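Side chains are part of it too, since the values below use all heavy atoms of this structure and drop only hydrogens, waters and symmetry mates. Given the structure is predicted, the values throughout are model-derived calculations rather than measurements. Just so we're on the same page: letters track the sequence lines, and every chain starts at 1.
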Protein chains: 2
Amino acid sequence: MAHYERKIPILDCGHEYTRRVLHGKWKIRILLYIAEGINRPSELERHIPQATRRVLDAQLAELLKHEIIDRTVFDESVKHVEYFLTDLGKSLMPIIAVMGKWGNEHIDKLRKAINSN
Amino acid sequence: MAHYERKIPILDCGHEYTRRVLHGKWKIRILLYIAEGINRPSELERHIPQATRRVLDAQLAELLKHEIIDRTVFDESVKHVEYFLTDLGKSLMPIIAVMGKWGNEHIDKLRKAINSN
DNA sequence: ACAATAACTGATAAATTTATCAGTACCTAA
DNA sequence: TTAGGTACTGATAAATTTATCAGTTATTGT
């Protein structure tokens, strides 16, 4: 990724940092899977076939950078990797839960409003 | 804005719709102000000097489209407009509140992680 | 030796979001 | 009649995010 200097600064307040952490097309889905034990990149790839592996890796890298998840390398016969939620990541899950709840409660209205032109 | 056809579809699930509604650099801030009665575009402009009026108008238009806010026109001597939260918008505020709370609780860590390269 | 799986990275294109600049129209007060 | 406030819109540029395509390194099973 090689050191990219952001030109539009991120607002320095709690709301904005939370928005950033959650902002990423596949992040919430990835976190939900990791929370339920689907935590190897190849497994995530199989469970999220709409996203390419390249994109999943990028999202995982950002979640790592933001310290929402961490990574363990298992050097067995075939080396593999497992991701897991950090304490910070665990503390974020209730927010994801309420977002899902609200969205599902209003899904018909939201679908119409958001997908209309 | 003239009918723009989205090419990357929005995932049809509660989490994603919620993310969309909240996704917009100035939206959360706008909603917080509207909730506390700062609800005229010119007032919002004064309270959010980092954003240009054009950008605020665009964000307001999207919040309107998503039915998170609504609008009343006051045809007095000088016509003016007031925005207010719809019921849907009101029901969203607790989510914004927990996002702010979480972000502020972890702000030092988040600031470092997010702004690092 | 060869294909398949594991986990990645680099380069670049496409799409979307955010910002900038320049207008419109209407009203008021100096 | 000019300046300033109200609320907007159009066109386009800049920045960021998402996707695509092509590699790398290493191990297993055929």
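Counting to the nearest Å, the C1' atom of D:dA7 and the CD1 atom of B:Ile69 are 14 Å from each other. Between B:Glu62 atom CD and D:dT9 atom C1' the separation is 16 Å, expressed in whole Å. Look at CG on A:Leu22: it is 16 Å from C1' on D:dT17, rounded to the nearest Å. Nucleotide C:dT18 holds its C1' atom 13 Å from the CD atom of A:Glu16, rounded to whole Å. Counting to the nearest Å, the C1' atom of D:dA22 and the CZ atom of A:Arg53 are 15 Å from each other. Rounded to a whole Å, the CD1 atom of A:Ile10 is 12 Å from the P atom of C:dT18. Protein atom CG of A:Leu56 is 12 Å distant from nucleotide atom P of C:dA7, rounded to whole Å. In this structure, A:Asp75 places its CG atom 13 Å from C1' of D:dT25, rounding to the nearest Å.
At distances below 3.5 Å, at least one donor-acceptor pair connects side-chain atoms of A:His47 with backbone N or O atoms of A:Glu43. At least one donor-acceptor pair closer than 3.5 Å links the side chain of B:Lys65 to the backbone N or O of A:Ser116. Between the side chain of A:His15 and the main chain of B:Gly103, no donor-acceptor pair closer than 3.5 Å is present. With B:Gln59 contributing its side chain and B:Trp26 its backbone, the two residues share a donor-acceptor pair below 3.5 Å. Proximity of a side-chain donor or acceptor of B:Lys27 to a complementary backbone N or O of B:His23 within less than 3.5 Å is detected.
Of the N and O atoms on the side chains of B:Tyr17 and B:Asp12, at least one donor lies less than 3.5 Å from an acceptor on the other residue.
Counting non-hydrogen atoms under 4.0 angstrom, A:Arg6 reaches the backbone sugars and phosphates but no base. Using a 4.0 Å heavy-atom cutoff across all strands shown, B:Tyr83 reaches sugar-phosphate atoms only and no base atom.
A heavy-atom distance below 4.0 Å to DNA chain C is reached by these residues of residues 37-45 of chain A, ordered by number: A:Arg40, A:Pro41, A:Ser42.
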Per-nucleotide protein contact string for nucleotides 19-27 of chain C (B base, S sugar-phosphate only, - none; heavy atom under 4.0 Å): BBB-----S
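Sorted by first and then second residue, the pairs that involve residues 75-94 of chain B and meet side chain to side chain donor-acceptor pair (under 3.5 Å), not counting sequence neighbours, are A:Trp102-B:Ser91, B:Glu76-B:His80, B:His80-B:Glu82.
In summary, A:Asp57 and A:Arg54 do not engage in a salt bridge, as defined by a charged side-chain N under 4.0 Å from a carboxylate O.
Across every non-hydrogen atom of A:Ile96 and A:Ile28, the tightest pair is CG2-CG2, 3.7 Å.
Distance from the side chain of A:Arg20 is smallest for D:dT17 among the nucleotides D:dT6, D:dT17, C:dT18.
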